[in-house]
J.: 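Sharing a structure, written as structure tokens. Questions coming.
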Amino acid sequence: MRYLHDYAEGERLVTFCLVKSREIGVTSNQSEYMNLELGDSSGSIVAKLWDVTEEHKQSIQVKSIVKIDAQVQSYRGKKQLIISRIRLTTQADEVAMETLVPTSKFTVEELWDRLEVTIREMQSEKLIAVIRTILSDEDLFVRLKSFPAGVKMHHNYYSGLLEHIVSLLEAAKRLVPLYPQIDKDVLYATCILHDIGKLYELTDAFAPEYSTPGQLMGHLVMGVDLVSEACRTLGIDPHDNEVLHLKHCILSHHGDLEFGWGSAVSGKTPTAIMFHYLDQIDSKMNAVGQAIADGEAEEEWIYSPALRRKVWRGY
């Protein structure tokens with residue numbers, strides 16, 4: 001099966017894809033056209049549909065799954081699609097959702113097994129109970145296996161959040177022996193739960209947008225709420241020192257308040273400070289890796305939106 005980015009300039013493609021964004025424009029002769037961002041497991045590509053009809057405007061919406069007949073063209077050095085025909089898919093098309101979005105290079109089963117290994121290595125029965133209580137919620141469990149870690153910046157693909165968590169845990173295991181002042185169990189619990197609020201800050205796994213609670217509160221506060229709720233279920237004092245430490249690490253993991261990156265408080269323990277930089281390393285390395293992988297083969301310099309600069313791959 002070929003995907004959007006498998007086609008070269010000049011080729012015709014007939015395929016299924018997901019509408020990630022759409023915008024209606026008007027030409028100089030007052031006819032309407034549609035600018036689209038379409039996606040599948042190979043990534044996203046911009047597309048243009050000329051001579052838009054009322055039916056198109058009603059049916060082709062963000063998150064629509066469509067079948068297109070299009071030609072690949074080049075515009076300002078980037079590939080784009082010129083659509084000649086487009087329609088909504090039907091049940092008879094039998095489109096697998098997993099083919100419509102980029103996915104983690106690891107299977108969900110592999111990632112979950114690696115997560116479980118770390119939970120079993122923890123010593124704190126209290127923190128283990130909090131983690132397991134949160135993960136036992138069926139809706140949250142399903143979301144965690146599929147949700148991205150974000151809309152655009154890093155690990156922004158199917159199962160991306162779970163991959164991010166596992167990557168952080170493996171980095172933490174390597175660094176903990178170097179810094180004895182770190183609370184290992186709180187660090188591991190933070191790796192697992194720091195972004196757990198994103199499962200409700202975002203709307204879905206396939207074309208995520210920010211939910212109303214997500215925009216009003218943000219995932220740091222939502223994550224701490226989940227920890228507090230688990231403590232109430234377990235009868236654990238919400239002001240227990242280990243629980244407070246975990247909440248502090250979650251609320252401070254975007255870095256010092258002066259950075260303006262969204263933390264509720266600056267990190268005030270070695271573990272909180274360590275976790276912020278772990279999270280920065282993993283998110284930035286994933287983002288720059290994606291930028292390099294998505295660049296055209298002949299490009300020496302690739303723009304990384306997460307870093308807001310071009311990165312060099314001439315090494």
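As the structure is a prediction and not an experimental result, all values here were calculated from the model.
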J.: Would you say Thr233's side chain and Glu229's backbone share a donor-acceptor pair under 3.5 angstrom?
T.: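 Pair found, side chain donor or acceptor close to backbone of Glu229.
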J.: Go through Ser304 and Lys284 one step at a time and tell me if the side chain to side chain donor-acceptor pair (under 3.5 Å) criterion holds.
T.: CA-CA 10 Å; Ser304 168; Lys284 292 296 190 293; over 6 Å; no
J.: If you count the non-hydrogen atoms of other residues, nucleotides and ligands that lie under 6.0 Å from CZ in Phe259, is the total more than 12?
T.: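 Count over threshold, so yes.
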J.: Within the distance-only criterion (no hydrogens, no angle test), does the side chain of Lys20 pair as donor or acceptor with the backbone N or O of Ile45 below 3.5 angstrom?
T.: no
J.: Quick one: are Val186 and Cys249 in side-chain contact, heavy atoms under 4.5 Å?
T.: yes
J.: Do Trp112 and Phe106 make the cut of ring centroids closer than 6.0 angstrom?
T.: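 Centroid distance Trp112-Phe106: not below 6.0 Å, so no.
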J.: Got a donor-acceptor contact below 3.5 angstrom from the Gln61 side chain to the Gln58 backbone?
T.: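 Confirmed, Gln61 side chain pairs with Gln58 backbone.
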J.: Kindly compute the distance separating CD1 (Ile302) from CD1 (Ile292), expressed to the nearest 0.5 Å.
T.: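 The CD1 atom of Ile292 is 7.5 Å from CD1 of Ile302, to the nearest 0.5 Å.
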J.: Given the ring of Tyr303, does Arg309 sit roughly above its face, with NZ or CZ under 6.0 Å from the centre of the six-membered ring and within 45° of the axis?
T.: no
J.: So do Pro148 and Lys198 actually touch side chain to side chain, heavy atoms under 4.5 Å?
T.: no
J.: Does either side chain, that of Thr118 or that of Lys173, offer a donor lying less than 3.5 Å from an acceptor on the other one?
T.: yes
J.: For residues Ile83 and Leu36, determine if any side-chain heavy atom of one lies less than 4.5 Å from a side-chain heavy atom of the other.
T.: yes
J.: Could you check whether Tyr200 and Asp225, counting side-chain N and O atoms only, form a donor-acceptor pair closer than 3.5 Å?
T.: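 No - no donor-acceptor pair under 3.5 Å links their side chains.
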J.: Taking side chain to side chain contact (heavy atoms under 4.5 Å, CB included) as the criterion, tell me which of Val224, Leu140, Ile250 meets it with Ile196.
T.: Leu140
J.: Roughly how far, to the nearest 0.5 Å, is the NE2 atom of His245 from the CG atom of Asp185?
T.: 11.5 Å
J.: Is the closest side-chain donor-acceptor distance between Glu242 and Ser124 under 3.5 Å?
T.: yes
J.: What is the ring orientation for His253 with His219, classed by angle as parallel under 30°, tilted 30 to 60°, or perpendicular over 60°?
T.: tilted
J.: Taking Ser64 for its side chain and Ile60 for its backbone only, find out whether a donor-acceptor pair lies under 3.5 Å.
T.: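 No: the side chain of Ser64 does not pair with the backbone of Ile60.
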J.: Counting only heavy atoms not in Gln181, do more than 12 fall under 6.0 Å of its CD?
T.: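 Yes, because the 6.0 Å sphere around CD of Gln181 holds more than 12 heavy atoms from other groups.
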J.: Looking at Ser41 and Val101, would you say the former's side chain and the latter's main chain have a donor-acceptor pair under 3.5 Å?
T.: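 Here the side-chain-to-backbone pair does not exist.
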J.: Over all heavy atoms of both residues, which pair between Ala189 and Leu127 is shortest? Give the atoms and the distance, please.
T.: CB-CD1, 4.3 Å
J.: Taking all non-hydrogen atoms of both residues into account, name the closest pair between Ser263 and Leu220 and its distance.
T.: CA-CD2, 4.0 Å
J.: Quick check: do His239 and Leu244 have side-chain heavy atoms less than 4.5 Å from each other?
T.: yes
J.: Roughly how far apart are Ser59 OG and Leu88 CG, rounded to 0.5 Å?
T.: 4.5 Å
J.: Check whether Leu226 and Val130 end up in the same hydrophobic cluster, where Ile, Leu, Val, Met, Phe, Trp and Tyr are linked by side-chain heavy atoms less than 4.5 Å apart.
T.: yes
J.: Check whether Leu38 and Leu18 end up in the same hydrophobic cluster, where Ile, Leu, Val, Met, Phe, Trp and Tyr are linked by side-chain heavy atoms less than 4.5 Å apart.
T.: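 No, because Leu38 and Leu18 fall into different hydrophobic clusters, even though each may have its own neighbours under 4.5 Å.
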J.: Any chain of hydrophobic side-chain contacts (each under 4.5 Å) joining Phe141 to Ile134?
T.: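 Linked within one cluster.
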J.: Using modelled atom types only, decide if a donor and an acceptor are shared between the side chain of Asp6 and the backbone of Tyr3 within a distance under 3.5 Å.
T.: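 Pair found, side chain donor or acceptor close to backbone of Tyr3.
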J.: Using modelled atom types only, decide if a donor and an acceptor are shared between the side chain of Gln71 and the backbone of Gly10 within a distance under 3.5 Å.
T.: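 A pair under 3.5 Å: yes.
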J.: When the aromatic ring centroids of Phe206 and Tyr158 are compared, is their separation below 6.0 Å?
T.: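 Aromatic pair counts; centres sit under 6.0 Å.
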J.: Answer yes if Val66 and Leu4 sit in the same cluster of Ile, Leu, Val, Met, Phe, Trp and Tyr residues linked by side chain heavy atoms under 4.5 Å apart, and no otherwise.
T.: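 The answer is yes; both residues are in one hydrophobic cluster.
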J.: Tell me if a side-chain donor or acceptor on Ser211 pairs with a main-chain N or O of Glu201 at a distance below 3.5 Å.
T.: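 Present.
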J.: Check the side chains of Thr271 and Asp183 for a donor-acceptor pair under 3.5 angstrom, ignoring hydrogens and angles.
T.: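 Side chains of Asp183 and Thr271: no pair found under 3.5 Å.
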J.: Treating Ile, Leu, Val, Met, Phe, Trp and Tyr as nodes and any side-chain heavy-atom pair under 4.5 angstrom as an edge, say whether Val176 and Met274 lie in one connected cluster.
T.: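 Yes, one cluster joins them.
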J.: Which atoms form the tightest heavy-atom contact between Ser159 and Leu111, and what is the distance?
T.: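 In this case the closest contact between Ser159 and Leu111 is O-CD1, 4.2 Å.
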J.: So, are Arg22 and Glu37 salt-bridged, with charged N and O less than 4.0 Å apart?
T.: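 Salt bridge between Arg22 and Glu37, a charged N being under 4.0 Å from a carboxylate O: no.
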J.: Regarding Tyr157 and Glu163, do their side chains bring together a donor and an acceptor under 3.5 Å, going by distance alone?
T.: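 Their side chains do contain a donor-acceptor pair, which is all the 3.5 Å distance test asks for.
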J.: Measure the shortest side-chain to side-chain distance between Ser252 and Lys268 over non-hydrogen atoms and say whether it is less than 4.5 angstrom.
T.: no
J.: Output the distance between atom CD (Gln73) and atom OH (Tyr75), rounded to the nearest 0.5 Å.
T.: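 If I round to the nearest 0.5 Å, the distance is 11.5 Å.
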J.: Examine the side chains of Lys67 and Thr89 and answer whether a donor and an acceptor come within less than 3.5 Å of each other.
T.: no
J.: Is it true that, when you exclude Asn241 itself, more than 12 heavy atoms of the residues, nucleotides or ligands shown sit nearer than 6.0 Å to its CG?
T.: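 No, not enclosed.
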J.: May I ask you to decide whether Arg87 forms a salt bridge with Asp93, counting only side-chain N to carboxylate O separations under 4.0 Å?
T.: yes
J.: Backbone N or O of Thr27 within a donor-acceptor pair of the Ser31 side chain at under 3.5 Å?
T.: no
J.: What closest approach, in Å, do Tyr7 and Lys79 show between heavy atoms, and which atom pair accounts for it?
T.: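 Heavy atoms only, the tightest pair is O-NZ, 2.8 Å.
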J.: Under a 3.5 Å cutoff, is there a donor and acceptor pairing between the side chains of His164 and Asn286?
T.: no
J.: Work out which heavy atom in Asp256 is nearest to a heavy atom in Gly267; give both atom names and the distance.
T.: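 Result for this residue pair: OD1-N, 4.3 Å.
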J.: When Glu299 is tested against each of Arg313, Lys310, Lys78 for salt bridge (Lys or Arg N to Asp or Glu O under 4.0 Å), which residue passes?
T.: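 Of all the options given, the one that passes is Lys78.
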J.: For residues Ile131 and Tyr188, determine if any side-chain heavy atom of one lies less than 4.5 Å from a side-chain heavy atom of the other.
T.: no
J.: For Glu170, does its backbone N or O pair with a side-chain atom of Arg174 as donor and acceptor, under 3.5 Å?
T.: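 A pair under 3.5 Å: yes.
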J.: Between His254 and His194, does the ring pair (Phe, Tyr, Trp, His ring centres under 6.0 Å) criterion hold? Intermediate values first, please.
T.: CA-CA 10 Å; His254 283 179; His194 75 290; 8.6 Å; no
J.: Do you know which two heavy atoms are closest between Gly150 and Asn156, and how far apart they sit?
T.: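 Closest approach of Gly150 to Asn156: O-CB, 3.3 Å.
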J.: Taking atom CD1 of Ile119 and atom CG of Leu135, what is their separation to the nearest 0.5 Å?
T.: 5.5 Å
J.: Does the pair Glu209/Lys63 count as a salt bridge with the N-to-O cut at 4.0 Å?
T.: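 Salt bridge: yes.
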J.: Looking at Gln215, I want to see if its CD is surrounded by more than 12 non-hydrogen atoms of other residues, nucleotides or ligands under 6.0 Å.
T.: yes
J.: Could you check if a side-chain atom of Thr53 sits within less than 4.5 angstrom of a side-chain atom of His56, using non-hydrogen atoms only?
T.: yes
J.: Measuring from atom CZ of Arg132 to atom CG of Asp137, what distance do you get when rounded to the nearest 0.5 angstrom?
T.: 15.0 Å
J.: Does the side chain of Leu202 reach to within under 4.5 Å of the side chain of Phe147, using non-hydrogen atoms?
T.: yes
